[in-house]
Amino acid sequence: MTKTELIEKIASKHGCTKKSVNDIINYLTEEIIETVKNNDKIVLMGFGTFSRRNSPAKTITAFGKKQDIESSSNIKFKPSNALKEVFKN
């Protein structure tokens, strides 16, 4: 499902305009990004938690050569137990 399809589905189901649904989705994603970027987490009960995962710099040996790997940050999503239950079996 694309973002456009999601917007259309929500708008028709709840009697909202596509523009208002699009604005809400954009605001939600912006807030998730900004919150996680600031090392906070967002917990959506029954859905999951968005957080930041920081990986420290390290040196590895691959194929007989040492390589330096820079530190990095990524977004992490951990599904709630309720969401995990939906996908069991």
Side-chain angles (χ1 to χ4, degrees):
M1 178 180 290
T2 65
K3 180 181 175 184
T4 302
E5 292 168 335
L6 178 63
I7 289 168
E8 289 172 2
K9 188 171 186 174
I10 293 171
S12 67
K13 184 174 181 179
H14 295 285
C16 303
T17 65
K18 290 178 190 175
K19 183 183 180 343
S20 65
V21 174
N22 184 53
D23 291 344
I24 291 168
I25 290 174
N26 287 341
Y27 180 73
L28 176 67
T29 55
E30 287 169 12
E31 283 302 309
I32 290 171
I33 291 166
E34 283 303 310
T35 301
V36 172
K37 195 168 139 182
N38 292 325
N39 284 325
D40 286 330
K41 62 182 175 180
I42 296 218
V43 179
L44 301 174
M45 297 301 289
F47 186 68
T49 302
F50 293 91
S51 61
R52 186 173 180 165
R53 188 178 139 243
N54 297 313
S55 299
K58 58 187 172 186
T59 302
I60 63 169
T61 303
F63 305 107
K65 295 181 180 179
K66 285 190 176 186
Q67 289 183 313
D68 292 327
I69 302 202
E70 296 179 4
S71 62
S72 64
S73 295
N74 290 300
I75 192 166
K76 176 183 170 187
F77 176 74
K78 181 180 180 200
S80 69
N81 288 335
L83 185 59
K84 288 179 187 177
E85 276 297 312
V86 171
F87 291 97
K88 275 191 173 176
N89 299 326

*Are Ile7 and Leu28 grouped together when hydrophobic residues (ILVMFWY) are joined by side-chain heavy atoms under 4.5 angstrom apart?*
no
*Going by the side chain to side chain donor-acceptor pair (under 3.5 Å) test, which pairs reach into residues 59-71, not counting sequence neighbours?*
Thr59-Asp68
*Restricting to pairs with a member in residues 30-41, which pass salt bridge (Lys or Arg N to Asp or Glu O under 4.0 Å), not counting sequence neighbours?*
Glu34-Lys37
*Let me see the working for Ile33 and Phe50 under side chain to side chain contact (heavy atoms under 4.5 Å, CB included), right down to the final yes or no.*
CA-CA 9 Å; Ile33 291 166; Phe50 293 91; over 6 Å; no
*Between CG of Leu44 and CG of Leu83, what distance do you get to the nearest 0.5 Å?*
10.5 Å
_Other ILVMFWY residues reachable from Ile69 by side-chain steps of under 4.5 Å_ = Ile60
*Could you pull out all residues at least two apart from Phe47 that satisfy ring-ring contact (aromatic ring centres under 6.0 Å, His included)?*
Phe77
*ring-ring contact (aromatic ring centres under 6.0 Å, His included) contacts in which one or both residues fall within residues 9-41, not counting sequence neighbours*: none
*Can you see which heavy atom on Cys16 is nearest to which on Val21, and at what distance?*
CB-CG2, 3.8 Å
*Residues which pass side-chain hydrogen bond (donor to acceptor under 3.5 Å, both in side chains) with Ser73, listed by chain and number, not counting sequence neighbours*: Arg52, Asn54
*What pairs with Lys84 under side-chain contact (heavy atoms from CB on, under 4.5 Å), at least two apart in sequence or on another chain?*
Pro79, Asn81
*Please name all residues satisfying side-chain hydrogen bond (donor to acceptor under 3.5 Å, both in side chains) with Glu85, sequence neighbours left out, ordered by chain then number.*
Lys88
*Look up atom CG in Asn22 and atom OG1 in Thr4, then write down how far apart they are to the nearest 0.5 Å.*
8.0 Å
*Please name all residues satisfying side-chain contact (heavy atoms from CB on, under 4.5 Å) with Met1, sequence neighbours left out, ordered by chain then number.*
Glu5, Leu6, Lys9
*Partners of Ser12 by side-chain hydrogen bond (donor to acceptor under 3.5 Å, both in side chains), sequence neighbours excluded?*
none
*What residues, two or more places apart in sequence or in another chain, satisfy side-chain hydrogen bond (donor to acceptor under 3.5 Å, both in side chains) together with Asp23?*
Lys19
*Among all residues two or more places apart in sequence or in another chain, which pass the side-chain contact (heavy atoms from CB on, under 4.5 Å) test with Ala82?*
Ser80
*Kindly give the heavy-atom pair with the smallest separation between Ile42 and Ile32, and that separation in Å.*
CD1-CA, 3.8 Å
